[in-house]
Amino acid sequence: QVQLVESGGGLVQAGGSLRLSCAASGRTSSGYAMAWFRQATGKDREFVAVISWSGGSTDYADSVKGRFTISRDNAKNTVYLQMNSLKPEDTADYYCAARYYVGTVYGRKDMKYDYWGQGTQVTVSS
């Protein structure tokens, strides 16, 4: 099992930046892909970004492509989401997720995940 804890959320003005972190613990020796999702009030949860176990493969939702960057540090069992040029429509609770998988993740936006964090809130003011 893997436990996930997100941090780094907060309030930021439009055009600003935030970096979210997700620390994994537990059975982290096996390879796992990690992703970020978000859920705005009254809306369904949506995919944001995913990164492979090696970090060499990523994919993004069209709405964040060019503004957000997902990365990971396996030595620290942590995945990051650098969010730049934030917009009010980025306001949501952000969740990280993991599943044991070592293949490429490009084109795998619909991959299902076994483990989820509790979320961190991001609010972008206009």
Side-chain angles (χ1 to χ4, degrees):
Q1 290 225 352
V2 176
Q3 293 79 44
L4 304 172
V5 178
E6 302 96 336
S7 61
L11 173 65
V12 63
Q13 288 188 331
S17 298
L18 278 176
R19 188 176 82 154
L20 305 183
S21 299
C22 175
S25 61
R27 189 185 147 204
T28 57
S29 58
S30 299
Y32 51 97
M34 295 189 75
W36 287 95
F37 288 76
R38 65 186 182 186
Q39 186 168 20
T41 302
K43 295 188 176 181
D44 292 336
R45 185 173 62 195
E46 64 174 356
F47 167 83
V48 175
V50 60
I51 188 166
S52 63
W53 165 242
S54 69
S57 174
T58 59
D59 206 353
Y60 296 90
D62 289 342
S63 59
V64 307
K65 205 169 289 185
R67 299 189 298 123
F68 290 12
T69 302
I70 189 170
S71 61
R72 69 188 297 164
D73 183 340
N74 287 344
K76 296 181 179 180
N77 294 320
T78 301
V79 66
Y80 305 97
L81 186 68
Q82 179 66 44
M83 305 186 295
N84 298 329
S85 302
L86 282 161
K87 305 175 182 180
E89 50 263 44
D90 294 317
T91 295
D93 291 326
Y94 283 72
Y95 299 87
C96 69
R99 66 167 285 167
Y100 291 114
Y101 176 75
V102 296
T104 181
V105 297
Y106 183 73
R108 298 293 305 273
K109 294 182 176 69
D110 59 346
M111 195 157 57
K112 306 303 180 187
Y113 294 85
D114 300 311
Y115 306 103
W116 293 83
Q118 294 300 305
T120 185
Q121 188 174 56
V122 172
T123 303
V124 184
S125 63
S126 57

Evaluate side chain to side chain contact (heavy atoms under 4.5 Å, CB included) for V105 paired with M111, printing each intermediate quantity in order. CA-CA 8 Å; V105 297; M111 195 157 57; 4.0 Å; yes
Is the side chain of N77 donor-acceptor paired with the backbone N or O of S25 at a distance under 3.5 Å, no angle test? no
What is the distance from atom OG1 of T120 to atom CG of L81, rounded to the nearest 0.5 Å? 11.0 Å
Between R38 and Y94, is the side chain to side chain donor-acceptor pair (under 3.5 Å) condition met? List the steps. CA-CA 4 Å; R38 65 186 182 186; Y94 283 72; 3.0 Å; yes
Roughly how far apart are I70 CD1 and C96 SG, rounded to 0.5 Å? 9.0 Å
Other residues, nucleotides and ligands only: do more than 12 of their heavy atoms fall within 6.0 Å of CD on Q118? no
If Ile, Leu, Val, Met, Phe, Trp and Tyr residues are connected whenever their side-chain heavy atoms lie under 4.5 Å apart, and connections chain through other members, are V102 and V79 in the same group? yes
Heavy atoms only: give me the nearest D90-R67 pair and the separation to one decimal. OD2-NH1, 2.7 Å
So, N74 side chain and S54 main chain: donor-acceptor pair closer than 3.5 Å or not? no
Minimum-distance pair of heavy atoms, taken over all atoms of L11 and S125: CD1-CB, 4.3 Å
Drop me the distance from T91's OG1 to L86's CG, to the nearest 0.5 angstrom. 8.5 Å
Y32 ring center near Y115 ring center (under 6.0 Å): no
Return the CD to OG distance between E89 and S126, rounded to the nearest 0.5 Å. 10.0 Å
Please report the interatomic distance CZ(R45) to CG(D93), rounded to the nearest 0.5 Å. 11.5 Å
Check the pair D73, Y80 against side chain to side chain contact (heavy atoms under 4.5 Å, CB included), reporting the backbone distance first and the verdict last. CA-CA 8 Å; D73 183 340; Y80 305 97; 4.1 Å; yes
Is there a path of hydrophobic side-chain contacts, each under 4.5 Å between heavy atoms of I, L, V, M, F, W or Y residues, that connects Y101 with W53? no
Shared hydrophobic cluster for Y113 and V48 (ILVMFWY, side-chain gaps under 4.5 Å): no
Between A23 and T78, which heavy-atom pair has the shortest distance, and what is it? CA-OG1, 4.1 Å
With a 4.5 Å cut-off on side-chain heavy-atom distances among I, L, V, M, F, W and Y, is there a chain of contacts connecting Y60 to V122? yes
Over all atoms of both residues, closest heavy-atom pair of A14 and P88: CB-CD, 4.1 Å
For K65, does the NZ atom have more than 12 heavy-atom neighbours from other residues, nucleotides or ligands under 6.0 Å away? yes
Test item: side-chain donor near acceptor, S52 and S57, under 3.5 Å: no
Run the side chain to side chain contact (heavy atoms under 4.5 Å, CB included) test on M83 and L20 for me, step by step, so that the C-alpha distance in whole Å, both residues' side-chain angles and the decisive distance to 0.1 Å come before the verdict. CA-CA 8 Å; M83 305 186 295; L20 305 183; 3.8 Å; yes
If hydrophobic clusters are built from ILVMFWY residues whose side chains come within less than 4.5 Å, do Y95 and L18 share one? no
For G55, does its backbone N or O pair with a side-chain atom of R72 as donor and acceptor, under 3.5 Å? no
If you round to the nearest 0.5 Å, how far is CD of Q82 from CZ of R19? 7.0 Å
State whether the number of non-hydrogen atoms from other residues, nucleotides or ligands found under 6.0 Å of Y100 atom OH is greater than 12. yes
Compare every heavy atom of K43 with every heavy atom of Q39, then report the nearest pair and how far apart it is. NE2-O, 3.0 Å
Where do W36 and I51 land on the side chain to side chain contact (heavy atoms under 4.5 Å, CB included) test, with the steps shown first? CA-CA 9 Å; W36 287 95; I51 188 166; over 6 Å; no
